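Written below as structure tokens is the structure these notes are about.
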Amino acid sequence: MIKLTFCLMRKDGMSREEFQDYWLNKHGPLVRSHQKALRIKRYVQFHTRDVENNAPLRASRAGSLETAPPIYDGVAELWWESLEDMNAATATEEGREAGRQLLEDEAKFIEFKTSPLWFGEEKVIVDG
């Protein structure tokens with residue numbers, strides 16, 4: 001199983017609530033509509049929550065809140081059977097068009113310059 005992890009920061013001028021609403025209710029259904037073309041096995045959105053534990057936790061890792069990196073607005077995970085399977089999906093005209101539509105939509109709410117993404121393979125340490 002291969003995963004694409006995407007740490008998301010919202011566009012300037014959007015509130016976190018606006019960002020998360022668009023991501024869940026507009027972009028989520030768009031991803032779902034292209035699931036078969038892109039051979040996506042699983043798509044998960046992690047929506048950041050503002051809780052009182054955030055500040056002390058961030059400060060404990062960075063020395064202070066002033067030196068702590070900003071909190072992401074959310075994290076997305078997309079899963080495929082393998083990197084080869086994902087590459088095969090994006091080699092088709094339907095897959096390329098799906099990818100184009102998703103990227104075009106992402107540009108409406110994601111600040112790409114501060115939103116890293118990468119492929120990785122899960123290593124389970126604790127399960128259950």
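Since we're looking at a predicted model, the values are computed, not measured.
A distance of 6.0 Å separates CD in E121 from CD1 in I2, rounded to the nearest 0.5 Å. To the nearest 0.5 Å, atom OH of residue Y22 and atom CG of residue L24 are 12.5 Å apart. With rounding to the nearest 0.5 Å, the separation of CE in M86 from CG in L78 is 10.0 Å. With values rounded to the nearest 0.5 angstrom, M14 atom CE is found 9.5 Å from I110 atom CD1. Note that CG of D73 is 9.5 Å distant from OG of S15, once rounded to the nearest 0.5 Å. One finds the CG atom of L8 at 5.5 Å from the OG atom of S115 (value rounded to the nearest 0.5 Å).
Within the 3.5 Å criterion, the main-chain N or O of T48 finds a donor-acceptor partner in the side chain of Q20. At least one donor-acceptor pair closer than 3.5 Å links the side chain of S33 to the backbone N or O of L30.
Side-chain contact between D21 and K26: absent, with no pair of heavy atoms (C-beta onward) separated by less than 4.5 Å.
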| said: Between F6 and E106, does the side-chain contact (heavy atoms from CB on, under 4.5 Å) criterion hold? Intermediate values first, please. | reply: CA-CA 11 Å; F6 198 174; E106 288 167 355; 4.0 Å; yes
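Contact detail for W80 and F119: the closest heavy-atom pair is CZ3-CE2, 4.2 Å. Minimum heavy-atom separation, L102 to H27: O-CE1, 3.7 Å.
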Would you mind writing out the side-chain donor-acceptor pairs for residues 91-98 within the sub-3.5 Å range, not counting sequence neighbours?
residue	atom	partner	partner atom	Å
T92	OG1	A89	O	2.9
T92	OG1	G95	N	2.8
E93	OE1	R96	NH2	3.2
R96	NH1	A91	O	2.5
E97	OE1	R100	NE	3.0
E97	OE2	R100	NE	3.4
E97	OE2	R100	NH2	2.6
E97	OE2	Q101	NE2	2.9

Taking distance alone, no hydrogens or angles, what donor-acceptor pairs closer than 3.5 Å link side-chain atoms of residues 37-46 to residues at least two apart or in another chain?
residue	atom	partner	partner atom	Å
R39	NH1	D85	OD1	2.7
Y43	OH	W23	NE1	3.1
Y43	OH	Q45	NE2	3.0
Q45	OE1	H47	NE2	2.8
Q45	NE2	W23	O	3.0

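Clustering of Ile, Leu, Val, Met, Phe, Trp and Tyr side chains at separations under 4.5 Å places W79 together with M1. Cluster partners of V124, using a side-chain heavy-atom cutoff of under 4.5 Å among ILVMFWY residues and allowing indirect links: none. Through direct or indirect side-chain contacts shorter than 4.5 Å among Ile, Leu, Val, Met, Phe, Trp and Tyr, M9 is connected to Y72.
Residue pairs meeting the salt bridge (Lys or Arg N to Asp or Glu O under 4.0 Å) criterion with at least one partner in residues 108-120, sequence neighbours excluded, are D105-K108.
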